[in-house]
A.B. asks: 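Here's a structure for you.
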Amino acid sequence: MACDPASPFFRSQDLRILVTNDDGIYAEGLWALARSLQDVGDVHVVAPDRDQSGIGTAKTLLTIIRSQEVPPPVDGVPTYSVQGTPTDCVILAVESLFSEPFDLLVSGINAGANMGVDLFSSGTFAAALYGRSRDIPSMAVSVSSLTEVKYDVAAQVARTLARRLLENPALSPPLLNVNLPNTDRDGVKGVQVTQLAPKAWSEGVEIGHDSRRRTYYWIRYNKPPPEAPPEGTDVWAILNDRVSITPIDLNATNGASPDGLHELAAVVTATLGLPDAKE
Ligand code: MN
């Protein structure tokens, strides 16, 4: 990695940045991000050919995947459209489309916040999660609105974080989830390092009837959080017009295994007729 850590404005063609998203290759936020990160390094875009929001960590295993290089809306950015999920995009980018490894992955800028434990159904975050699992410092960036999204501050924040992560990898939390309030710079009240809120949204189901009078169901995120979010969480930060930076640990296992779980293991051991692990 050729860069000068002393310079706050370094840029190097040797720094390779992979940009992806789940809103699809035509999403405004993707190109706001790609354009912004051109100031930091050599940007490559690999994105789904359509909106894949809510697809989570899904990868395509049972059908073939097609990909084609497409003319980029931003000059000088190699761009591939993929008939697949965000995770498919990262796998193809890392394994096949490009021969050199990436120094950083940035996913977004998503229209709609990705917060709380709902994070794990986000395709935006899933791309960053997969990047991190391949030892690439990764972050997901989202703005808290589905309409009239203001991408400027998010693009600026992504550029600053990308530069810092690349300048000093030792300081880098390896996987960041970043959310911004949907506001101009003057509306931002602060920047907060946060924890994941328990649950950001309550899913609702809308019931309707098609032209054959068959019932259909449509899942919507249209209910407010059931409780006020705890202070210091990502949902709290967004509700208070702050930029939220949440470091995510790849090891999701709860290390403090309570006695009750040992009892479960003992029950399973007995069911299988296996010798007690302690013997
Ligand atoms: Mn999305």
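Just so it is clear, the structure is predicted and the values come from calculations on it, not from any experiment. Note: hydrogens, waters and symmetry copies are ignored here, and every other heavy atom, side chains too, is used.
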A.B. asks: Quick check: closest heavy atoms across Ala128 and Ser138, and the distance to 0.1 Å?
C.D. replies: O-CB, 3.2 Å
A.B. asks: For Arg159 and Leu37, which heavy atoms make the closest approach, and how far apart are they?
C.D. replies: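 Taking Arg159 first and Leu37 second, the nearest heavy atoms are CA-CD2, 3.9 Å.
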A.B. asks: Do you know the tightest heavy-atom contact between Val77 and Val43?
C.D. replies: CG1-O, 3.6 Å
A.B. asks: Can you confirm whether Ile238 sits close enough to Met115 that some side-chain heavy atom of one is under 4.5 Å from a side-chain heavy atom of the other?
C.D. replies: yes
A.B. asks: Using a 4.5 Å cut-off on heavy atoms from C-beta on, say whether the side chain of Leu119 contacts that of Asn114.
C.D. replies: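 Yes, side chains in contact.
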A.B. asks: To the nearest 0.5 Å, how far apart are CG in Asn21 and OH in Tyr26?
C.D. replies: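 So the gap between those two atoms works out to 12.5 Å.
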A.B. asks: Is it the case that more than 12 heavy atoms not belonging to Asp152 sit under 6.0 Å from its CG atom?
C.D. replies: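 12 or below, so no.
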A.B. asks: May I ask you to test the Pro86-Ile55 pair for a side-chain heavy-atom distance under 4.5 Å?
C.D. replies: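 A side-chain contact under 4.5 Å exists here.
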A.B. asks: Atom CG of Asp241 and atom NZ of Lys189: how far apart are they, to the nearest 0.5 Å?
C.D. replies: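 Answer rounded to 0.5 Å: 4.5 Å.
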A.B. asks: What are the two closest non-hydrogen atoms of Gln83 and Asp49, and how far apart are they?
C.D. replies: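 Residues Gln83 and Asp49, closest heavy atoms: CG-OD2, 3.2 Å.
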A.B. asks: So, taking the atom named CE in Met139 and the one named CG in Leu105, what distance separates them when rounded to the nearest 0.5 Å?
C.D. replies: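 Reported value, rounded in 0.5 Å steps: 9.5 Å.
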A.B. asks: Look at atom CG of Asp210 and say whether more than 12 heavy atoms of other residues, nucleotides or ligands are closer to it than 6.0 Å.
C.D. replies: yes
A.B. asks: Check whether any side-chain heavy atom of Phe120 lies under 4.5 Å from a side-chain heavy atom of Leu196, and answer yes or no.
C.D. replies: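 Yes, close enough: below the 4.5 Å cut-off.
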A.B. asks: Could you pull out the closest heavy-atom pair between Ala127 and Ser107, with the gap in Å?
C.D. replies: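 Where Ala127 meets Ser107 most closely, the heavy atoms are CB-OG, 3.7 Å.
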A.B. asks: Once rounded to the nearest 0.5 Å, what's the spacing between atom CG of Asp23 and atom OG1 of Thr124?
C.D. replies: 5.5 Å
A.B. asks: How far does CG of Asp51 sit from CG of Asp22, to the nearest 0.5 angstrom?
C.D. replies: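 With rounding to 0.5 Å, CG (Asp51) is 6.5 Å from CG (Asp22).
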A.B. asks: Apply side chain to side chain contact (heavy atoms under 4.5 Å, CB included) to the pair Leu180 and Val141, showing each step before the final yes or no.
C.D. replies: CA-CA 8 Å; Leu180 292 99; Val141 184; 3.9 Å; yes
A.B. asks: Does atom CD1 (Ile219) have a neighbourhood of more than 12 heavy atoms from anything else shown, all under 6.0 Å?
C.D. replies: no
A.B. asks: Is Glu206 salt-bridged to Arg220, cutoff N-O under 4.0 Å?
C.D. replies: yes
A.B. asks: Quick check: closest heavy atoms across Val46 and Phe98, and the distance to 0.1 Å?
C.D. replies: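 Of all heavy-atom pairs spanning Val46 and Phe98, the closest is CG2-CE1, 3.6 Å.
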A.B. asks: For the OG1 atom of Thr60 and the CZ atom of Arg66, what is their distance to the nearest 0.5 Å?
C.D. replies: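 Separation between the atoms: 13.0 Å.
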A.B. asks: Identify whether Leu165 and Ile136 are in the same connected component of the hydrophobic contact network (ILVMFWY, side-chain heavy atoms under 4.5 Å).
C.D. replies: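 No, separate clusters.
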